[in-house]
Amino acid sequence: MELPIQIAKDSPEPIYYQLEEQIKALIASGQLPAGSPLPSIRTLSKDLEISVITTRRAYQNLEYEGFIQTTQGKGTFVADIDDAKKEKVKTETVYKAIQTAVQTALRHDYTFAEIEQIFQQVMVELREKEGS
Amino acid sequence: MQPWLEIMQLRKTIDDFQLGPIDLSFEPGTIHALIGKNGAGKSTLMKMLMNLVKKDEGQIRLFGQSIQNRDESWKQHISYLPQTLIGCNSFNGLELMKLTSHWYSTWDQKYFDQLVQMFDIPLRKLYRNLSQGVQKKLSIALTLACDTDILILDEPTAHMDIPSKQMLMDILVEWMERSEKLMIIASHQTDDIRKLADYLIVLKNGQLLGKFEKEELASRYKRYFLQRPLPNKPIPGEVGRKGKQIVITQQQENTEQYLIEHQYDWIKAESLELEEIITIMLNQPIYQKGT
């Protein structure tokens, strides 16, 4: 099973963390429902071209936080998580995405007022698309 | 986790070439890539692990047992793919299979048959009549089917066609998951290293530069595109420059601190490809040892 995960090697965020966050998002959005099998640590490491040390760290954290479960001899599966937790991850994911967008704009010397303007514009465009 | 294989203060002199002293340990569940230029000592080190080249000094311990003992039962735990198989020319694949399987109690016939089918290896042809690529495929099938705990591969993908290389990569990944395994692989192919290696062991002129975890090594190196020219003298961590506004560092934190303190803003900071990092390490004069 291949996961739609993309690692940004230039990102200041550590790779294990990126992996963790992306798997969480896949679970919270329902793309990976409870019980779905996850690739083995070795296979995922090969696909993402990272070491098993990094992948294991991400899996261990996910397991600790209750997102996944490993059964000896059977593999790793998505755990049953409650809606409140899913909701929390969703909120965090969206919040972070917007935060990153604002930070990008600030790095390009935009003022807060200008950023708000861009935000409004994006909203208008997307609303129109949605409506049509 | 307890290492399965340990090397302590290993030394060997062959003519004017000196290998070591080398200290290394290998834990189960991991793939180690041996990296170095031609003649750096990779193959010699691998042969020493198999006791095919006698050491001058030091110790090699496999599951806590010295491999220099008269008792050779340790050989059951380890299989080795040399760069070239010698003495096989007048045998065909079936005969080689019989010879190899005889030595290993862990031999997996079903798995061997599967590999032969996947690689499309003609078992009734004499070894010397096979192309170099097919010879390699046959020797890989023979080595993998021993299903030992430890696998040592000296340039497994050399001479192989591109689709076979890709297939071998998947086969090696699956092999690692047959049970708890350890793999040591010497390769010049960056694709092998990127996809398979957890640790990089870097050798240079017989000296060990260090054993590095892949991402940890990659995170040390960065390339900065600066907004204004740098001073002529090297800055902390610098290992290379292109023009006056592009600098490569191998101590990302130190360099970044310097750039911030001296107000050299950057437009972009990017990671280096593994190939570039290896090239820098192997071309750099030795003054800094890894961990």
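All of these numbers come straight from a predicted model, not from anything done at the bench. Naming convention: chains lettered A, B, ... in sequence-line order (proteins, then strands); numbering from 1 in each chain.
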How would you list, by chain and number, every residue that makes a side-chain hydrogen bond (donor to acceptor under 3.5 Å, both in side chains) with Trp107(B), sequence neighbours excluded?
Gln109(B)
Ranked by heavy-atom pairs below 4.5 Å to chain A, first place among Glu213(B), Met169(B), Glu270(B) goes to Glu213(B)
Of the listed Glu174(B), Met176(B), Glu177(B), the one with the largest count of heavy-atom pairs under 4.5 Å with chain A is Glu177(B)
Interface check, chain B: of Ile50(A), Thr54(A), Thr43(A), Ile41(A), most non-hydrogen pairs under 4.5 Å belong to Ile50(A)
Any residue of residues 9-25 of chain A which, by heavy atoms, sits under 4.5 Å from chain B:
Lys9(A), Asp10(A), Ile15(A)
Does a donor on one side chain and an acceptor on the other come within less than 3.5 Å for [X] and [Y]?
| X | Y | result |
| --- | --- | --- |
| Lys137(B) | Ser164(B) | yes |
| Thr255(B) | Glu238(B) | no |
| Ser187(B) | Asp192(B) | yes |

Under 4.5 Å to a heavy atom of chain A? For Ile31(B) that would be both
What I want to find out is whether Lys96(A) reaches Glu92(A) closely enough, with some N-O distance under 4.0 Å, to be called a salt bridge.
no
Evaluate the side-chain contact (heavy atoms from CB on, under 4.5 Å) criterion for residues Lys86(A) and Asp82(A): first the C-alpha distance (whole Å), next the side-chain angles of each, then the deciding distance (0.1 Å), finally the verdict.
CA-CA 7 Å; Lys86(A) 276 189 195 166; Asp82(A) 57 42; over 6 Å; no
Parallel under 30°, tilted from 30 to 60°, perpendicular over 60°: which one fits the rings of Trp4(B) and Phe63(B)?
tilted
Quick one: does Arg42(A)'s side chain have a donor or acceptor within less than 3.5 Å of a partner on Gly29(B)'s backbone?
yes
